[in-house]
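What follows is a single structure, written as structure tokens, with notes after it.
The residues of the chain are indexed from 1 along the displayed sequence. The model shown is predicted, which means the values in this text are computed figures rather than measured ones.
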Amino acid sequence: MTVETFIASLNISAPELILAIGALVLLMVGVFSGERAAGVVTTLAILVIIAAGVALGLYGSEGTAYNGAFVSDAFARFMKMLSLVGAGVALFMSATNAKSEKIDKFEYPVLVLLATLGMMLMISAHDLISLYMSLELQSLALYVVAAMNRDSAKSTEAGLKYFVLGALSSGMMLYGMSLVYGFTGHTGFSEIAAALTAETRSLGFVFGLVFVFAGMAFKISAVPFHMWTPDVYEGAPTSVTAFFAAAPKVAAMALMVRTATGPFQPVFHDWQQIVVFIAIASMVLGAFAAIGQTNIKRLMAYSSIGHMGYALVGLSAGNQEGITGVAIYMAIYMVMTLGSFAVILSMRDKNGEPLEKISDLAGLSTTNPMMATVLTILMFSLAGIPPLAGFFAKYFVFMAAIKAGLYILSVIGVVASVVGAYYYLRVVKIMWFDEATTEIARVPASLRLVFGLSGLFVVGYILFGSVIGTAAEAAAIALF
């Protein structure tokens with residue numbers, strides 16, 4: 001690599017460099033200032049994320065960097081912007097309850113920055129080695145923040161479960177990558193695609209393909225690699241769960257899309273079968289397993305599993321329209337999830353203790369009508385009821401699947417969506433028709449801002465959705 005190409009690579013990866021340098025500087029600030037710097041470091045971390053977003057939006061350039069290991073295109077920019085928004089908003093929400101959740105440590109925002117850096121690198125990965133390294137950078141930071149509240153046995157258990165199962169999935173993915181490399185002779189995405197186009201794929205390569213997709217399915221909590229999700233969502237501090245549910249899911253889905261449509265595009269019919277299977281399994285389990293839940297965070301965990309299944313319906317189509325649907329779905333899903341978790345973070349009694357039971361929402365319409373109204377809108381949207389944003393998210397992925405001839409998959413998705421509507425409507429029923437048993441404390445302004453804007457987005461999507469649709473279409477075109 002010459003000096004000129006190295007400088008060009010630095011320019012292309014400027015947002016990632018801002019995050020990396022910002023995380024290291026804030027780590028030093030925290031180390032030399034002590035625990036009292038937690039609030040300042042959190043504020044500065046949000047500013048670093050905003051700076052990375054500005055660099056990405058205004059000065060982001062396209063091309064490959066670092067000898068083809070890193071790629072920047074319209075798809076990468078779209079998904080990176082979603083990841084930055086998700087991480088920034090989650091960090092903003094955590095500032096309110098950091099002390100009560102015992103995550104008011106300067107390490108927390110630094111780890112979030114490092115996880116976000118890993119996500120950005122995942123989205124731009126264009127080589128199996130850079131893919132694995134970025135995935136591990138993200139994962140190691142997430143394992144730690146899941147167990148950030150060391151005084152809580154549930155939080156520690158959540159971090160340990162996530163670490164053990166995550167290590168297993170990483171091992172599976174690494175084994176799959178070694179098989180892919182062994183049977184194609186390359187680690188670069190373009191070279192793998194060229195090798196698969198030039199010759200018939202072997203059985204050993206198919207085994208490698210399955211293991212690689214299994215590792216990525218774990219990261220988006222798709223069935224049958226979902227087992228960590230309910231326990232980690234429930235055990236981790238709620239602010240951490242809000243972060244888990246938003247940004248990392250977007251980055252992992254982007255990684256799965258890029259890997260499927262890039263190096264493995266020549267074997268589309270092989271990986272399509274894998275994606276269809278995990279999509280059906282995720283939609284069905286997400287619909288039925290959530291019915292009996294009493295904890296709101298576990299309910300959101302199973303909801304997340306189901307929604308990843310719906311997003312995979314778009315990927316299974318394997319065409320430009322399907323990828324456009326996935327991009328739109330992830331944008332809408334992230335906003336709905338952040339809004340829902342802003343409401344969950346607001347669920348505290350007069351003593352400041354968190355309320356996590358669905359029954360704690362009883363009578364919310366009388367004690368806090370605004371919060372009840374916004375959560376009702378979000379629940380209707382998550383259920384896919386028109387004309388809210390969630391309906392359009394499902395509409396685009398189902399239409400792409402139908403045009404690709406995947407009729408049975410689409411029918412199963414619609415049926416699962418109808419079943420899933422039950423537990424969303426149950427939350428609405430409890431808020432509006434049950435007698436109040438607990439009075440929720442005054443909601444902080446920052447959380448009101450987040451769930452208020454989320455509700456406006458969901459309701460007003462029909463007015464400005466074409467802007468997001470155009471950006472998503474440009475992102476999909478970049479992959480084909």
Nearest heavy atoms of [X] and [Y], plus distance in Å:
X	Y	answer
Asp73	Arg258	OD1-NH2, 3.0 Å
Ile220	Ala252	CG2-CB, 3.4 Å
Ala74	Ala474	CB-O, 3.6 Å
Val41	Phe106	CG1-O, 3.8 Å
Ala247	Ser83	CB-O, 3.6 Å

Residue pairs involving residues 159-179 (criterion ring pair (Phe, Tyr, Trp, His ring centres under 6.0 Å); sequence neighbours excluded): Tyr143-Tyr162, Tyr143-Phe163, Tyr162-Trp228, Tyr162-Phe244, Tyr175-Phe211

Please enumerate all residues that pass side-chain hydrogen bond (donor to acceptor under 3.5 Å, both in side chains) together with [X], with sequence neighbours excluded.
X	answer
Tyr329	His307
Ser446	Thr96
Lys249	Ser221, Tyr233, Ser304
Thr259	none

Kindly indicate whether the side chain of [X], heavy atoms from C-beta on, has any atom under 4.5 Å from the side chain of [Y].
X	Y	result
Phe380	Phe391	no
Leu315	Trp271	yes
Met334	Val85	yes
Ser155	Met148	no
Glu136	Met133	no

side-chain hydrogen bond (donor to acceptor under 3.5 Å, both in side chains) partners of residues 109-133, not counting sequence neighbours, each pair once: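 As it turns out, the side-chain hydrogen bond (donor to acceptor under 3.5 Å, both in side chains) pairs with a partner in residues 109-133, which skip direct neighbours, are Lys80-Ser124, Asp127-Thr187.
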
side-chain hydrogen bond (donor to acceptor under 3.5 Å, both in side chains) pairs, two or more places apart, involving residues 312-322: Glu321-Lys403

Partner set under salt bridge (charged side-chain N to carboxylate O under 4.0 Å, His left out) for Arg448, not counting sequence neighbours: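 Expected list: none.
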
Set of salt bridge (charged side-chain N to carboxylate O under 4.0 Å, His left out) partners for Lys161, sequence neighbours left out: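 For Lys161, the residues satisfying salt bridge (charged side-chain N to carboxylate O under 4.0 Å, His left out) (neighbours in sequence not counted) are Glu157, Asp231.
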
Sequence-distant partners of Ser410, side chain to side chain contact (heavy atoms under 4.5 Å, CB included), two or more places apart: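 With sequence neighbours excluded, Ser410 shows a side chain to side chain contact (heavy atoms under 4.5 Å, CB included) to Ala401, Ile402, given in chain and number order.
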
Qualifying residues under side chain to side chain contact (heavy atoms under 4.5 Å, CB included), relative to Thr337, sequence neighbours excluded: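 Thr337: side chain to side chain contact (heavy atoms under 4.5 Å, CB included) contacts with Ala245, Tyr333, Phe341.
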
salt_bridge(Arg298, Glu234) N-O dist < 4.0 Å: yes

Residues 19-30 side chain polar contacts: donor-acceptor under 3.5 Å, at least two apart:
none

Short side-chain donor-acceptor distance under 3.5 Å, Tyr310 and Ser282: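 Short answer, no.
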
Pair Tyr66, Ser13: side-chain N/O donor-acceptor within cut-off below 3.5 Å: yes

